[in-house]
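One structure below.
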Protein chains: 2
Amino acid sequence: MKTKEKILNAALQLYNEQGIRSVTTRHIAASIGLSGGNLHYHFKHTEDIIRALFNELASAYDDLMLNAQQASINLATIDALAAISFQLVNKYRFIFINFVEIANWIPEIKASYGQLIQKREQQFVSFFDALAQHGIFRDDIPTSNKLGLVKQFFIISDFWLSHNELTRQYRGEDALNDYKKTINLLLWPYIKRFE
Amino acid sequence: MKTKEKILNAALQLYNEQGIRSVTTRHIAASIGLSGGNLHYHFKHTEDIIRALFNELASAYDDLMLNAQQASINLATIDALAAISFQLVNKYRFIFINFVEIANWIPEIKASYGQLIQKREQQFVSFFDALAQHGIFRDDIPTSNKLGLVKQFFIISDFWLSHNELTRQYRGEDALNDYKKTINLLLWPYIKRFE
DNA sequence: TCAAATTTAGAACATTTGTTCTAAATTTAG
DNA sequence: CTAAATTTAGAACAAATGTTCTAAATTTGA
């Protein structure tokens, strides 16, 4: 594994475990037996590490959305996509936990997230429409409500983790199940019938 | 105004404006023409400032819940409570934006928030039940779904602000309206009829 | 093979941060 | 009024942090 990759992996692990507040470039370097000077040879500034990790996340999301487009239109698909989405949120948890702080610190990330959201928004609305055409989703939902539902989706999928950290602190399977349940419940009142 | 209050006000303003990441006790002191040494005479540790601000928030929430218990059971009440809740989230925005980080840093806050959530949870379920008895809310909702709805409520009211910061960045009236709209839409599919 | 490029460790630096200390100023109480 | 308590400013300190510098080690490529 290239040193750059090693640094990114170590940084991700430490940020996730200990929070961006208490992890420094020295800690990251030390955790893989690297000198501080060397770390800064690969990543001149601390932000560069975070930027790189965010880019990993963003491109993983792109893949997810590509898969979603090819998936069949039914409720099992939603469940499967929720599982993948959960894995991503979980893998890059420190980003979601410090999203605003990071976004204000590194403006590129804010812009990039804005674009991501826009892309996802369109996809979700299309997906809901498709569900309605398949008779799964209620077809009497005004567009503005559909957009509102998408917003709820985003808030809950991005911040379920933070809420969980503050309350039940589910881990592993339990966490995934609660995440899925919360997401599904959002859809529940809009669903016409179960398959 | 007592120095202690001045410090808390200044700290709140700076944390909200610039984020906990970049605000130090020296900044807070300087912003009100106070020496650093004096600030630490009033608040020995930085955490003590944050703890005090969180306590303000928690007791404001207690008041809010007290009011809620005495309010009449209808949709206008929800709207009014949402407005007050929004003002609180907005006033102490830095807490909501850094909730997990702060809670892990100051365990007392984590515990205190856990208790707050539990109290609120019970109240919400009772309120939904009351709405159902008044024929406003659907009465065919299983308890587990009602609890899930409450969870959605909490996530969205606590993190709407973070999401807003990352996306549209509504301010003032626009922000309040979007917040209310998002909260109301959560209830919308559960409502039987409009008054 | 061997010179050039890359990678590395470790010292060095300026700045910042939270906190403490000290001594003076101010307020409070009897 | 005055002695005690409180509050204040400002210096001082140790630790930490991001970053840079230097020189050695290692790798690469012709």
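By convention in this document, chain letters (A, B, ...) are assigned in the order of the sequence lines, proteins followed by strands, and residues within each chain are numbered from 1. Keep in mind that this is a model prediction, so the values were computed, not measured.
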To the nearest Å, give me how far apart [atom1] ([X]) and [atom2] ([N]) are.
X	N	atom1	atom2	answer
B:I106	C:dG18	CD1	P	13 Å
A:L39	D:dG18	CG	P	10 Å
B:Y41	D:dA5	OH	P	12 Å
A:F43	C:dT6	CZ	P	17 Å
B:I7	C:dG18	CD1	C1'	15 Å
A:H42	D:dT19	NE2	C1'	16 Å
A:I32	C:dT7	CD1	C1'	13 Å
A:E5	C:dT7	CD	P	13 Å

Rounded to the nearest 0.5 Å, what separation is found between the CZ atom of A:F153 and the CZ atom of A:R120?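 Separation between the atoms: 10.0 Å.
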List the atom of B:L81, the atom of B:A68, and the distance in Å for their closest heavy-atom pair.
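Between these two residues, the closest heavy atoms are CD1-CB, 3.6 Å.
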How far apart are the closest heavy atoms of B:Y15 and B:I28, and which atoms are they?
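Closest heavy-atom pair between B:Y15 and B:I28: OH-CD1, 3.9 Å.
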When you measure from the side chain of [X], which nucleotide among [options] comes out closest?
X	options	result
A:R26	C:dG18, D:dT19, C:dA9	D:dT19
A:H27	C:dG18, D:dG18, D:dT17	D:dT17
A:T3	D:dA9, C:dT8, C:dT19	C:dT8
B:H40	C:dT19, D:dG10, C:dA9	C:dT19

Practice task
For A:T25 and for A:N38, find the nucleotide of DNA chain D with the closest heavy atom, then tell me which residue's nucleotide is more 5'.
Solution key: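 Checking each residue's closest nucleotide, the 5'-ward one belongs to A:T25.
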Exercise. Does any non-hydrogen side-chain atom of B:F96 lie less than 4.5 Å from one of B:S162?
Worked result: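 No, side chains not in contact.
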Q) Looking at the rings of A:Y179 and A:Y170, which for Trp means the six-membered one, are their centres under 6.0 Å apart? A)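 No, the ring centres sit 6.0 Å or more apart.
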Using heavy atoms to find the nearest nucleotide of DNA chain C for A:G33 and B:K44 separately, return the residue whose nucleotide is more 5′.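 Looking at the nearest nucleotide for each, A:G33 comes out on the 5' side.
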**Prompt:** In terms of the nearest nucleotide of DNA chain C, which residue is placed more toward the 5' end: B:H45 or A:S35?
**Reply:**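 Its nearest nucleotide being more 5', the pick is A:S35.
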Tell me which nucleotide, if any, is Watson-Crick or G-U wobble paired with C:dG30 when both distances must be under 3.5 Å.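 Result: D:dC1.
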